[in-house]
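What follows is a short report on a single structure.
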Amino acid sequence: MPFPPKRDHRIPLAAAAAMTKRYRDEATGAETAQMFPREVIETLLSQPGAFGTRFYFGREAAGGPIRLVAVAVDSQGNDLAGGEIIDFGFPCPPWCSGDNQLNS
């Protein structure tokens with residue numbers, strides 16, 4: 001399958017805040033975010049043939065917290081599964097941002 005066409009992935013803060021609030025309201029007590037340091041994302045994108053990144057939702061154990069598993073994708077949108085794959089983002093909580101419209 002060809003790589004998806006270019007589009008503007010930005011959304012207004014108000015729309016993003018509404019989406020994250022809706023999630024927090026529905027998933028009370030759940031992890032609300034994961035943070036990856038820049039060098040981790042750069043590791044994915046610096047691989048030969050990397051054109052983007054795909055994030056998969058996963059769980060370490062049945063019923064456990066949601067995890068993000070990230071892999072680089074090639075120019076056809078295929079996972080570069082033979083390369084670097086990342087997990088172990090820093091969960092929020094406890095590694096959360098200060099209060100802002102996305103998390104409060």
Q.
The criterion is ring pair (Phe, Tyr, Trp, His ring centres under 6.0 Å); which residues satisfy it with Phe51, sequence neighbours excluded?
A.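 For Phe51, no residue satisfies ring pair (Phe, Tyr, Trp, His ring centres under 6.0 Å) once neighbours in sequence are set aside.
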Q) Ile66, Phe36: one ILVMFWY side-chain cluster at the under-4.5 Å cut-off? A)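 Yes, Ile66 connects to Phe36 through the hydrophobic network.
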Q. What residues form a salt bridge (charged side-chain N to carboxylate O under 4.0 Å, His left out) with Arg10, not counting sequence neighbours?
A.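 So Arg10 forms a salt bridge (charged side-chain N to carboxylate O under 4.0 Å, His left out) with Asp8.
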Q) Can Tyr56 and Asp79 be said to form a side-chain contact (heavy atoms from CB on, under 4.5 Å), step by step? A) CA-CA 11 Å; Tyr56 285 97; Asp79 294 342; 2.5 Å; yes
If you take all heavy atoms of [X] and [Y], which pair is closest and at what distance?
| X | Y | value |
| --- | --- | --- |
| Glu31 | Pro65 | OE1-CB, 4.0 Å |
| Leu68 | Asp87 | O-OD1, 3.1 Å |
| Ser104 | Asn100 | OG-O, 2.7 Å |
| Leu45 | Ala50 | O-CB, 3.7 Å |
| Gln47 | Gly83 | OE1-CA, 3.3 Å |
| Tyr23 | Ala30 | OH-CB, 4.0 Å |

Q.
Apply side-chain contact (heavy atoms from CB on, under 4.5 Å) to residues Gln34 and Arg67 and explain how you reach the verdict.
A. CA-CA 8 Å; Gln34 289 188 9; Arg67 304 291 304 189; 4.1 Å; yes
Q) Do the rings of Trp95 and Phe90 sit parallel, tilted or perpendicular, given the 30° and 60° boundaries? A)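 Rings of Trp95 and Phe90: perpendicular, as their planes differ by over 60°.
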Q: Answer yes or no: is there a side-chain heavy-atom contact under 4.5 Å between Met19 and Ile11?
A: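 The answer is yes, as the side chains (C-beta and beyond) meet within the 4.5 Å cut-off.
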Q) Partners of Glu26 by side chain to side chain donor-acceptor pair (under 3.5 Å), sequence neighbours excluded? A)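 Partners of Glu26 under the side chain to side chain donor-acceptor pair (under 3.5 Å) test: none.
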Q) Would Val73 and Asn78 count as a side-chain contact (heavy atoms from CB on, under 4.5 Å) if you check the C-alpha gap in whole Å, the side-chain angles of each, and the deciding distance to 0.1 Å? A) CA-CA 5 Å; Val73 298; Asn78 296 310; over 6 Å; no
**Q.** Any donor-acceptor N/O pair, Thr53 side chain to Ala72 backbone, under 3.5 Å
**A.**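 It does not hold such a pair.
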Q.
With a 6.0 Å cut-off (strictly less than), is the heavy-atom count around CE of Met35, excluding the residue itself, greater than 12?
A.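 Yes, CE of Met35 has more than 12 neighbouring heavy atoms, counting only those of other groups under 6.0 Å.
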Q) Which distance, rounded to the nearest 0.5 Å, do you find between the OG1 of Thr32 and the CG of Leu102? A)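 Atom-to-atom, Thr32:OG1 and Leu102:CG are 10.5 Å apart.
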